[in-house]
There are 2 protein chains.
Amino acid sequence: MKITFNKRDPVYVQVVQHFKEQIVSGKYELGQEIPSRRELANQLKINPNTAQRAYKEMEEAGLIFTEGNNPSRITKDEQVLRDLRTELIEGAVDRLIAAVEPVNIPIDELIGLIQEKYEEQRRGQV
Amino acid sequence: MKITFNKRDPVYVQVVQHFKEQIVSGKYELGQEIPSRRELANQLKINPNTAQRAYKEMEEAGLIFTEGNNPSRITKDEQVLRDLRTELIEGAVDRLIAAVEPVNIPIDELIGLIQEKYEEQRRGQV
DNA sequence: AATTGTGTATTAAGAAGTTAGTACACTAGG
DNA sequence: CCTAGTGTACTAACTTCTTAATACACAATT
């Protein structure tokens with residue numbers, strides 16, 4: 001586990017974001033145990049309370065659950081996962097649309113750019 | 001002039017963003033005078049120093065210029081405007097690509113969603 | 001029983017941004 | 001001449017949010 005933090009956003013937000021991406025990309029099994037608050041704090045060199053805050057947010061969002069005093073686990077609710085995927089995609093698209101709204105760029109030109117960048121990125125990661 | 005501020009980003013950043021969008025969307029003529037720092041502060045109900053900071057950033061970015069002790073004006077450099085337009089578009093596309101990277105969504109599906117949202121937004125504003 | 005590892009809660013400290021106050025130099029207009 | 005309106009600069013205080021430190025209750029394991 002490793003996250004490269006930016007200085008702009010709060011650490012706990014970035015931790016949540018990282019887990020969301022990991023979950024959606026299938027890096028976790030349903031119900032899989034995740035590191036304890038203290039263990040995560042050790043791995044990421046952050047304060048346990050920051051880890052706690054991130055986990056608390058995720059728990060409230062239904063992404064993870066906790067039984068007894070055992071480390072939390074990824075949700076087993078597939079609907080939550082589908083919703084999360086939709087949330088990530090639609091949020092990204094909404095921000096794109098909002099950002100280019102004042103620019104008045106033709107839709108075809110915009111899509112061309114996206115295809116270029118998309119291919120570029122796929123080549124990069126393969 | 002009216003900006004609906006969010007609580008997340010610094011006010012001066014949001015002011016700069018607003019002006020960038022106004023400039024790129026053609027709401028300002030080249031060389032057009034913009035409100036003075038104090039006037040802007042009055043209009044937006046913000047502190048004059050916050051307005052000053054926003055204008056200072058814009059001046060350093062070449063978006064506006066100031067002659068003597070007159071209110072600042074929008075740049076007359078069309079290259080700056082083209083660069084700004086490119087910056088807004090490419091930044092938005094880059095953020096989109098980065099955001100959907102973990103989702104593994106097929107490019108066609110993604111483009112379909114974008115076209116939908118784009119049309120939806122165009123209908124909304126017309 | 002005692003230690004270790006869980007989750008949880010509360011309070012203190014620190015950092016970043018905004019606001020506030022004040023000041024200075026310059027120019028246009030009365 | 002002097003008043004008002006520019007841009008600019010500096011410092012201090014205040015706010016808000018994040019992070020850090022500490023403590024507590026519980027369960028499992030040794």
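Proteins get letters first, then strands, A, B, ... in listed order; numbering begins at 1 in each. Note that this is a predicted model, so its numbers are computed, not measured.
- Proximity of a side-chain donor or acceptor of B:E59 to a complementary backbone N or O of B:T66 within less than 3.5 Å is detected.
- Taking side-chain N and O atoms only, A:R37 has a distance below 4.0 Å to OP1 or OP2 of C:dT8.
- Between B:E39 atom CD and D:dG7 atom C1' the separation is 15 Å, expressed in whole Å.
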Contact string for nucleotides 16-23 of chain D, one letter per nucleotide 5' to 3', B = base within protein heavy-atom range under 4.0 Å, S = sugar-phosphate only, - = neither, reads --SBBBBB
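- C:dT18 atom C1' lies 14 Å from atom CG of B:N6, rounded to whole Å.
- Listed by chain and residue number, A:K20 satisfy the salt bridge (charged side-chain N to carboxylate O under 4.0 Å, His left out) test with A:E87 (two or more places apart in sequence, or in another chain).
- With hydrogens and angles ignored, the 3.5 Å screen pairs a side-chain donor or acceptor of A:S25 with a backbone N or O of A:E21.
- Here the closest heavy-atom approach between residue B:A54 and residue B:Y12 is recorded as CB-O, 3.7 Å.
- Contacts of A:Q52 with the nucleic acid, taken as non-hydrogen atoms under 4.0 Å apart, include base atoms.
- Sequence neighbours left out, the pairs with a member in residues 66-75 of chain B that pass salt bridge (charged side-chain N to carboxylate O under 4.0 Å, His left out) are B:E33-B:R73.
- Between B:V11 and B:F5 the shortest heavy-atom distance is CG1-CE2, 3.7 Å.
- At the phosphate of C:dG5, neither OP1 nor OP2 sits under 4.0 Å from any side-chain N or O atom of A:S36.
- Residue B:L40 contributes atom CG, which lies 14 Å from atom C1' of D:dT6 at whole-angstrom precision.
- The salt bridge (charged side-chain N to carboxylate O under 4.0 Å, His left out) check on B:D9 picks up A:R8, with sequence neighbours excluded.
- Residues satisfying the salt bridge (charged side-chain N to carboxylate O under 4.0 Å, His left out) test with A:D94, not counting sequence neighbours, are B:K117.
- Within residues 59-69 of chain B, the residues approached by DNA chain D to less than 4.0 Å at the level of any non-hydrogen atom are B:E59, B:T66, B:N69, in residue-number order.
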